[in-house]
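Worksheet: the structure to be examined is printed underneath.
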Amino acid sequence: MKNVEKPLVSIITVVFNNVRTLEQTINSVINQSYKNIEYIIIDGGSTDGSVDLIKKYESQISYWVSEPDKGIYYAMNKGLSVATGNLVSVLSSDDWYESTSVEKAVNYYELNPEIDIIHGLLRFIGANDMPDLVTGHYNSFLTKGMIEHPTCFITKKIYDKVGFYNVLYKSAGDYEWMLRAKKLEAKFLFIPELLTNFRRGGISGSYIGSLEELLIKKRFGVISNFKYRYWKIFYYLIFLKQKMSKS
């Protein structure tokens, strides 16, 4: 899968008991038009056949492990700890790339070597696997929406600067990481290319839910997920009280 003359791209797939869609995800990586790919799969100790599926494609996977972990951001960080590519992308086991996605990202990277984070268009997949929305943000940043993390190709050097994902978040860890990157003056580039297909319903699939978690934890401190559930109830009680007092 490697060509030493081109940048190495590390792609990390995290999975836990998702045999239904994992094969499509794997095939979308190993069948890319771009070949210098380091493919990493982090499995959380699946028991549904996902591991057998990983073994089926083992010869085309650079590194994989299957063991219990503490959630999606732990798994992402585990993948980052072994990634060696110039660019790194995280592709969840519900999602898949277009066949030329990596090639397009690399082309823009080579033309813009000062860029830290390349992101593009994301196609949402709804009921019955039917496309229902394509979205992307030219205004690279977070004022009117969240950059589509499944489309991101991020340089290893900016990951080394910003650090790992905060594992105390359940669904907003990627959003919070982007905010840290922006604070450190990372350079973003939106490219008008469809890169990733995203099935609705995943852990981080709701912008509103991720923003809510981020706001609560920023206001009350980065706390454990156990305590977060109780702060969320408290947060809603305050909101309802304010709404009733205005009516």
Side-chain angles (χ1 to χ4, degrees), residues 1-16 22 24-44 50 54 57-67 69 72-120 122 147-167 173-174 177-178 180-181 186-189 191 193 195-198 204:
M1 294 181 74
K2 295 186 177 181
N3 178 347
V4 295
E5 296 180 356
K6 302 291 285 184
L8 177 64
V9 179
S10 298
I11 296 173
I12 301 167
T13 290
V14 297
V15 58
F16 178 65
L22 177 60
Q24 183 177 26
T25 302
I26 292 174
N27 278 315
S28 81
V29 174
I30 65 178
N31 293 321
Q32 283 292 303
S33 59
Y34 188 83
K35 299 304 179 184
N36 195 20
I37 291 174
E38 174 185 65
Y39 193 23
I40 298 164
I41 299 182
I42 307 297
D43 179 82
S50 294
I54 295 168
Y57 294 98
E58 191 170 25
S59 64
Q60 295 168 282
I61 296 169
S62 304
Y63 174 90
W64 72 274
V65 65
S66 179
E67 59 189 15
D69 55 47
I72 187 171
Y73 296 115
Y74 277 94
M76 287 183 185
N77 289 343
K78 195 182 296 183
L80 287 173
S81 70
V82 298
T84 63
N86 306 93
L87 289 173
V88 182
S89 184
V90 178
L91 183 69
S92 295
S93 61
D94 281 321
D95 309 335
W96 71 95
Y97 290 132
E98 294 293 290
S99 62
T100 58
S101 295
V102 179
E103 181 180 2
K104 288 175 179 176
V106 169
N107 287 343
Y108 279 93
Y109 171 67
E110 291 184 310
L111 290 171
N112 302 274
E114 77 285 0
I115 293 298
D116 297 304
I117 299 171
I118 294 169
H119 59 107
L122 180 71
I147 283 179
E148 289 75 14
H149 186 263
T151 73
C152 287
F153 287 81
I154 301 173
T155 64
K156 186 66 163 57
K157 65 179 181 180
I158 197 66
Y159 265 124
D160 291 341
K161 185 177 181 181
V162 178
F164 285 156
Y165 293 97
N166 190 322
V167 298
D174 46 351
W177 188 94
M178 291 289 180
R180 279 191 279 137
K187 295 180 175 64
F188 294 78
L189 176 66
I191 63 175
E193 304 281 358
L195 298 179
T196 309
N197 298 278
F198 178 88
S204 59

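Keep in mind that this is a model prediction, so the values were computed, not measured. Side chains are part of it too, since the values below use all heavy atoms of this structure and drop only hydrogens, waters and symmetry mates.
In terms of heavy atoms, N197 sits closest to Y97 at ND2-C, 4.2 Å. For the residue pair S10 and T84, the shortest heavy atom distance occurs at OG-N, 3.4 Å. In plain terms, the two heavy atoms of S50 and D43 that are nearest each other are CB-OD1, 4.0 Å. Considering all non-hydrogen atoms of both residues, A83 and V88 come closest at CB-CG2, 4.4 Å. Closest of all the heavy-atom pairs between I147 and C152 is CG2-SG, 3.7 Å. Nearest heavy atoms, L80 versus K156: O-CE, 4.2 Å.
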Decide yes or no on side chain to side chain contact (heavy atoms under 4.5 Å, CB included) for Y39 and Q60, but give the supporting numbers first. CA-CA 8 Å; Y39 193 23; Q60 295 168 282; over 6 Å; no
In sequence, state the C-alpha distance, the side-chain angles, and the governing distance for I154 and W177, and then conclude on side chain to side chain contact (heavy atoms under 4.5 Å, CB included). CA-CA 12 Å; I154 301 173; W177 188 94; 3.8 Å; yes
message = Checking I41 against Y57 for the side chain to side chain contact (heavy atoms under 4.5 Å, CB included) test, could you report, in this order, the C-alpha distance in whole Å, the side-chain angles of both residues, the deciding distance, and whether it holds?
response = CA-CA 11 Å; I41 299 182; Y57 294 98; over 6 Å; no
- Are N27 and W96 close enough, and set up right, to give a side chain to side chain contact (heavy atoms under 4.5 Å, CB included), and what steps lead you there? CA-CA 8 Å; N27 278 315; W96 71 95; over 6 Å; no
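Judged by distance alone, the side chain of Q32 and the main-chain N or O of S101 form a donor-acceptor pair under 3.5 Å. Between the side chain of N166 and the backbone N or O of G173, no donor-acceptor pair lies under 3.5 Å. S89 places no side-chain N or O within 3.5 Å of a backbone atom of I11 that could act as its donor or acceptor partner.
The distance from the NZ atom of K78 to the CD atom of E67 is 3.5 Å, given to the nearest 0.5 Å. With values rounded to the nearest 0.5 angstrom, S92 atom OG is found 15.0 Å from F16 atom CZ. The distance from atom CD1 of I61 to atom CD1 of I37, rounded to the nearest 0.5 Å, is 12.5 Å. The OG1 atom of T151 lies 11.0 Å from the CG atom of D95; values are rounded to the nearest 0.5 Å. Here the CD1 atom belonging to I117 is positioned 3.5 Å from the CZ atom belonging to F188, to the nearest 0.5 angstrom. In this structure, OG1 in T100 is found 13.5 Å from OH in Y34, a value given to the nearest 0.5 Å.
With a 4.5 Å cut-off on side-chain heavy atoms, T155 and L87 count as touching. Between V9 and Y109, the closest side-chain pair of non-hydrogen atoms is not below 4.5 Å. Looking at heavy atoms from C-beta onward, V65 lies in side-chain contact with I42 at the 4.5 angstrom threshold. Looking only at side-chain heavy atoms (C-beta outward), W64 and T13 stay at 4.5 Å or farther from each other. Here the side chains of M76 and I12 are not in contact, with every heavy-atom distance at 4.5 Å or above.
Residues passing the salt bridge (Lys or Arg N to Asp or Glu O under 4.0 Å) test with E110 are K6, sequence neighbours excluded.
Taking the six-membered ring where the residue is Trp, H149 and Y165 present perpendicular rings, their angle passing 60° and hence far from 30°.
Between the side chains of E148 and T196, no donor-acceptor pair is found at a separation under 3.5 Å.
Remark: K104 engages E193 in a salt bridge, criterion side-chain N to carboxylate O under 4.0 Å.
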